[in-house]
Amino acid sequence: MRLATWNVNSVRTRVDRVTAFLERSGVDVLAIQETKCRDDQFPHMPFEAIGYEVAHVGLNQWNGVAVISRVGIEDVQVGFEGMPSWSSKEGVDPAPEARAIGATCGGVRMWSLYVPNGRQLGDPHLAYKLEWLDALRENAAGWLAADPQAQIALTGDWNIAPEDGDVWDMAVFAHSTHVSPPERAAFAAVVEAGYADVVRPHTPGEYTYWDYTQLRFPRREGMRIDFALCSPALAARVTGAEIDRQERKGKGASDHAPVLVDLAD
DNA sequence: ATGGTAGAACGTCTA
């Protein structure tokens, strides 16, 4: 079986690329982030036409996550217990955002996660990001405690570069989010809870994201911020992984590349 | 030059 995660940066703009990727790659279960649409706007038909089912949550033009599977979608869960809320405006009550959806697909508990960006050091959005990650960690630890043999994949755009080598120049990020110690600690806490980054060993030195501006992609100035963290039972099945850099090329590319994981049967 | 690009309530937020 083949899993993948991909921040598509608008599923409506990118639907032809996403379906072509599924057909070309043979991915069975794909987690996508930043669909940027409501549920009623999601283009289900192109996916159904090639044999995939979709579980999506999208509340407005921001965020939006989905699991797309051709090996079944069961027990769909939107968000997780204690997931923090957010309000972008003063005077507007905070509400949960469309940043997490889980579903069981072919025996794997697949999560599509879009971790809050954090914006800038000192921004309330960074505190929100850290609270969101802590609540995720607490849930993920609980899932594993309830069933140590569970095959769980925490995949998505984590908006964290865990190691200095995960950005092209640490000096550029000296006063930025994504590399700060609290963010890295929050990521490490999920790993310590039992979820392994199964992709890094197969893709040393590679990035998953390149900003649209400043010619970042041709200059090979990217970041590794998209991850598939797997529970022990699932990590034991991993036979390989790759980052599909080709998908970042050409007109109409997302700013993120798909991250793929191969599993033994 | 406070820049650049992209995508979403088509004006402004988000990344």
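Every chain is numbered from 1 and lettered A, B, ... according to where its sequence line falls, protein lines coming before strand lines.
Computed from coordinates, the A:Arg216 CZ to B:dG4 P distance equals 14 Å when rounded to whole Å.
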Could you run through nucleotides 6-15 of chain B and give me one letter per nucleotide, 5' to 3': B if any protein heavy atom sits under 4.0 Å from the base, S if only the sugar-phosphate is that close, - if neither? SBSB----SS
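Nucleotides B:dA8 and B:dG3 have their C1' atoms positioned 22 Å apart, rounded to a whole Å. Nucleotides B:dA9 and B:dA15 have their P atoms positioned 16 Å apart, rounded to a whole Å. B:dA6 sits 22 Å from B:dG11 when the P atoms are compared, rounded to a whole Å.
For the salt bridge (charged side-chain N to carboxylate O under 4.0 Å, His left out) test, no residue two or more places apart in sequence or in another chain qualifies with A:Asp211. Under the salt bridge (charged side-chain N to carboxylate O under 4.0 Å, His left out) criterion, A:Asp93 pairs with no residue at all, not counting sequence neighbours. Partners of A:Asp147 according to the salt bridge (charged side-chain N to carboxylate O under 4.0 Å, His left out) rule, which considers only residues two or more places apart in sequence or in another chain, do not exist here. Remark: A:Ser87 engages A:Val92, A:Pro94 in a side-chain contact (heavy atoms from CB on, under 4.5 Å) (not counting sequence neighbours). With sequence neighbours excluded, the residues that form a salt bridge (charged side-chain N to carboxylate O under 4.0 Å, His left out) with A:Glu163 are A:Arg200.
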Show your reasoning for whether ring-ring contact (aromatic ring centres under 6.0 Å, His included) applies to A:Trp168 and A:Phe173. CA-CA 9 Å; A:Trp168 75 93; A:Phe173 291 83; 5.3 Å; yes
